[in-house]
Amino acid sequence: MIVIMLRAFLLYFLVIFSVRLMGKRQIAELQPSELVITILVSNIATLPLEDVTIPLTVGIVPMLSLVCLDVIMSYVTLKIPKVRKLVCGSPKIIIKDGEIDQKALADLRFSLADLYEGLRSQGTFSVQEVQLAIVETTGKISVFEKFEARNPTNADLNLQGSSLAPPEVIISDGKVIDAALNSLKIGMGFVEKILKEEKLDVKGVFLMTMNKNAEYYIVRKEKK
Amino acid sequence: MKRMILALSVIAVLVCGSLLSLFLLKNRSAEIIEYTDRIFELYENGEHDKALNEASELLEYWDKASLSLNVLVDTDRISAINSSVYRIGPLIETGCDELTAEIESIKANAKWLYECEVPVWYNVF
């Protein structure tokens with residue numbers, strides 16, 4: 001079993017190396033180590049499943065080894081930035097002040113089509129409108145538009161209002177969610193009073209949401 | 001941090017389990033090799049009845065040992081020994097000259113059972 005464990009550890013680093021070698025554009029959304037775990041665990045799990053002559057321990061040992069190694073690696077990358085840079089890479093600026101950094105683009109092996117696809121997915125259709133575009137370690141492009149292209153915020157328009165937390169689901173399919181009641185600091189009696197006003201009982205509610213201002217929304221359960 | 005402690009604990013358990021399994025494999029394979037050596041010695045000395053007795057003891061031991069070995073190693077490696085162990089008794093009874101080959105085969109497979117689990121570079125790569 002210790003051989004399997006060592007092999008699993010070796011494979012982990014090997015696949016991380018391969019994924020890092022492939023570059024950011026291959027990753028899309030996942031961190032390299034997460035992608036490695038996804039690839040390896042899914043493959044390892046199928047081995048003892050497909051072949052009954054392989055003991056289950058042959059699947060369990062590498063799987064647990066890899067997952068634990070990943071937890072340890074994520075802790076190490078958190079504590080040591082150099083390791084993080086090595087495993088996850090670092091973000092790269094590809095557009096600055098509306099100008100494309102062609103060298104960075106070539107390093108990342110991003111074509112113009114890839115770049116425009118990334119920009120469009122962020123709602124930007126022109127390179128000139130971009131103040132800064134960064135390719136994140138996950139391969140995603142983050143865009144910061146120039147002042148003239150940026151949407152005005154409420155603060156820009158001097159609009160007054162309060163920041164209110166979104167409404168919480170307090171009844172879901174006839175069941176009261178205690179955590180939501182605690183979060184809103186209301187008791188069951190308050191909910192029952194509202195339901196009484198609406199001529200409903202808890203079981204007759206499909207969805208009930210409420211915000212901090214006690215504004216609620218109810219969807220009745222459809223009769224079958 | 002809790003997750004980290006849990007991960008380290010799991011790794012520790014896996015290492016201990018691996019070492020324990022290695023110890024178990026070493027024990028089992030050494031025991032099998034000892035049995036086969038005794039059988040061969042008795043057979044060579046012309047004590048066929050005693051050799052037959054020893055062979056049935058080996059069979060009994062193997063039946064129990066193979067159960068725990070099934071959890072640790074591939075069934076293929078166990079069945080390789082299994083078929084040879086079951087053939088020893090009839091080979092002694094008939095005085096067939098294939099006995100030596102069969103015993104050597106059991107010894108080699110039992111040795112291999114342990115050796116391919118030893119964490120050395122040629123097993124890892």
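All chains are named by letter (A, B, ...) in the order of the sequence lines, taking the proteins before the strands, and each is independently numbered beginning at 1. Worth saying up front: this structure is predicted, and the values here are computed from it rather than measured. Note that these values count all heavy atoms, side chains included, but never hydrogens, waters or copies made by symmetry.
- The line from OG1 of Thr209(A) to CD of Glu168(A) is 10.0 Å long, rounded to the nearest 0.5 Å.
- A donor-acceptor pair under 3.5 Å is formed between the side chain of Thr77(A) and the backbone N or O of Met73(A).
- The greatest number of non-hydrogen atom pairs below 4.5 Å with chain A, out of Asp76(B), Val73(B), Val13(B), is found for Val73(B).
- A donor-acceptor pair under 3.5 Å is absent between the side-chain atoms of Asn53(B) and the main chain of Asp49(B), judged by distance alone.
- No part of Val120(B) comes within reach of chain A, as not one of its non-hydrogen atoms sits under 4.5 angstrom from that chain.
- Using a 4.0 Å cut-off between charged side-chain N and carboxylate O, Arg38(B) and Glu57(B) make no salt bridge.
- If you measure heavy-atom distances from Asp74(B) to chain A, the contacts under 4.5 Å come from both the backbone and the side chain.
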